[in-house]
Every structure is written in C-alpha cells, then in structure tokens.
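Scope of the values below: all heavy atoms of this structure, side chains included, with no hydrogens, waters or symmetry mates. When a ligand or atom number is given, it counts from 1 through the structure's own listing order.
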Amino acid sequence: MLSNDIQVVLIDDDQHVLNSCQHLLQLAGYKTRAFQDPHMALKEIHPNWSGVILTDIYMPTMSGMELIDKVKAISPHLPIITITGHGDIAMAVEAMQKGAVNYLEKPLKPKKLLNLLEKVIAERKNLVEQWQIIENSLPEQLLGTSTEIEELRNHIKLLASADRDALIQGESGTGRYTTAILLHEHSPRSSQPLVVKNGNSIQSVKALECTLEEAEKGSLILQEPGSMPAEVQRFLSHFLLNQERSGKRSVKLIAIFGECPESELKEHRLLPELFYFLSQVRFAIPPLRQRKEDVIPLFRHFLKKSCALLGKQRPKVDKAYLDTLKRHQWPGNIRELKSVAELYAIGMIKLSNADRTQPIEQMTSPLDDLVEQYEKQLIEDALYLYAGRINDVSEYLKIQRKKLYLRMRKYDLDKNNYKVN
Ligand SMILES: Nc1ncnc2c1ncn2[C@@H]1O[C@H](COP(=O)(O)OP(=O)(O)OP(=O)(O)O)[C@@H](O)[C@H]1O
C-alpha cells in the first residue's frame, strides 16, 4: 500500500523513460514510485492515497485506458495524467473522457510536466486532507454502525468537493434534515447562507425568487418540493438548468422527500424535469427498523447526552429493556428513539427483569402457547416503551383501546405497573 509520502506513481513499460522521468522528478523534490507493470502499481494504489498517477498509454500488458478504468474502480477521485504519443489528440481526449485529469505529449517537456504536477498534487492533497477532517467528524455527527449509515457517511464525504444538488428521501425522523445540513457544512459553501424552507411556504414564483436570493452563494434545503405549484416547480427547473448550462452554481439545492418521489411523479404532483435535475445525486435513508444494529448505539448515545445535560449518572440498562428496544418497529425512527432515551434518563420508563420465555417442553399446546406468549410479549414491550400510556400503546400496536384492555386483562397486565411513580 502506498504511503502518503509518495507523491507520484510513474507507470511505463519502457525502463529508460521510467528512469529519466523518475530522475527528473526526484531532482525537483518529488517522492516517486516507478512501475513497469501496471498490475503491480494497481496492487499498491488505494482510495485514500494522496498522490498522482502519471502513466503511459501504450503498454503491452494493460493499456492506459484499461488502467484508467481500474484506477477509477478503486476510487473515482484518484487523479491520473496520461502520456500520449505526439499529436495523438484523439487518444488524449478519450483518456480525459474516461476520467484522466490531463495529458502530456511525448517527448515530455520538463517544465510543462512539473507545472502540471505541482497543480494536480496540491489539489489532491487538499482533497485528501479535507476528507480526513470529514472522516474524523462525521461518525460523531451521523451516528450508526450499520452498513447503510457507513455508506451514507462515505457519500457525504465524496460529495463534499463535488458541489452538486442532491435529493434525500426517507421517512420522517430518519435523519434527512441532519444529512442535508452535513452536506452543506462539509461543502466549500459552509461559510455561506443556509436557507431551510418547506415547499408549502413557497407558493409563488416571487416567493421562490426571494428564497433563491436569500440562499445566494450558499445552500437551500427544500422540504417537499412537490408541494409547490407547478409554475413554481417549472421556474425552479429552469433555474437549475441555467446553473448547469452556465457552469455557475449560485445555489446548491438539497431537496428532502418524505415518500418515494416516483409516486409523486405518477400522481403528477412533481414535475418530471424538476425530478430529473434533483435526482442526479440521490440519498435514500432507510428507516430505523431496517438497520436494527443502530438502535442500541444510538440509544446509548442519546441516554449519555441526556444524563450529561441533567448532571445525572447514567442508569444501568438491563438486557430485557435493550431487547425491547431492538424488537420495537420505531415508526418515528431516530426522533422517537431519542425521546425514549430522554424519558429513560429522567426515569420515566420502568425497567423489566422479567424472563419471558418459557421452555417449550413445559407448554401444553406449543403453537397456541407460543402465539399467546408472543402476543403478551408485544403488549408488554409496548407498555414498557410507552411507560403504560394506553393511547400510545394502542396507536403503536394499531388496536382499539377496548380490545387492548381485554387482552391486557387476559394476560394479567396492569398499566400501573409500567407507570413512573
Ligand atoms: N444518524 C444519526 N445520528 C445522530 N442523531 C441523529 C441521526 N439521525 C437523526 N438524528 C437525530 O434525530 C432527530 C431527527 O432527525 P432529523 O430531523 O434529521 O430527521 P428527518 O428525517 O429530517 O425528520 P423530520 O422531518 O421529522 O425532522 C434529530 O434530533 C437528529 O439530530
């Protein structure tokens, strides 16, 4: 694996070219590694390496074009400069279309080479340093150990330098707004205005113009763009088209959707052209019930924070309660988990030590017994979770209060046992 001391990787099957180029770069003060075989170079290159690749195009074991594809598969941001034959513009253009940052013609002109390297290395170094800062802070800002959250953090990091509009979709309370804020804070616009609006409050073109003006040079977080009238959505689409055409982005737009935008499209609530611009970079944040491994770390985090705020010692959380948290479906997602942890911190949730599983051998009719046991467990979990509040329990379990009371009587469950004194 390449260390970040190495600033340039040189790849050329011609040992003489390789030696002379390496010699020139070393004289200029660069630390280099030279490879005759591109396969060997690929084994060393990794996504966080902060250097630049300078490669020949015509090589017997792997063409420069193939090499570009393989390097981009390691990380699309790794900078590659190709060395093409004299006058081979078509090849140089093709390489840049594949993602090379620039090209140099043979024979190499030392001054041109050194100038280009200085610029590309400085950009790359800045980017890797910026990533490092983001990587250090994001796990504290967007908590979670699930692969979904790890991927989300990685996307935020990669998008930091790209300055693109984005679409975030997910259920309420999953962290959509938190993600949108991080997209702004980890972008070059972080010191510029951040405007947050709901589509409901932008009902005319004039209102949209004022909002865009307010967000000039910064970002606009727009919740539910589909609730803006069609003419306002059309105006916004033109605005985004103009930004794209001119290459000058005055506002970075981060749109938040509560449901799948495709269903809004189908129901003609969202204009297809607006959806097209917004969906070029898309984040789908899964509900908490689909990333259960995040429940306990997040609960512990919120509990610790609440206790610190209250100046209280963190209470012990017993296993039965943690199991209840893991089983819960979290319709209100992280927002709900946070409020449960806050209630726990102030002692508004009772703990259970109950051992609820009865060995199967002791059951008279295992199927009926298991079904009953499961039903009792679900009701008991909900009573724990909502501290005996019947309205919340019946809403969570989606059964009528009367029916809930009948089941509770059947299982000898008393709401008062779950209330906080
Ligand atoms: N991954 C996370 N790590 C830490 N806190 C989180 C995370 N996701 C969400 N939160 C917290 O959960 C709460 C809800 O998050 P957020 O407001 O971002 O959700 P949302 O999807 O925009 O929902 P809503 O529109 O209801 O606000 C906030 O207090 C936020 O700080």
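Side-chain contact annotation: Gln141 with His186, donor-acceptor N/O pair under 3.5 Å present.
Across all non-hydrogen atoms, the minimal contact from Gln26 to Thr32 is NE2-OG1, 3.7 Å. Counting all heavy atoms, side chain and backbone alike, Asn333 lies closest to Ser172 at ND2-O, 3.0 Å. Of all heavy-atom pairs between Gly175 and Ile285, the closest is O-CD1, 3.7 Å.
Aromatic pair Phe302/Tyr344: ring centres not closer than 6.0 Å.
Listed by chain and residue number, the protein contacts of ligand 1 are Leu142, Leu143, Glu171, Ser172, Gly173, Thr174, Gly175, Arg176, Tyr177, Thr178, Leu298, Phe302, Ile334, Arg335, Lys338 (heavy atom within 4.0 angstrom).
Below 30°, between 30° and 60°, or above 60°: for His328 and Tyr386 the angle between ring planes is above 60°, a perpendicular geometry.
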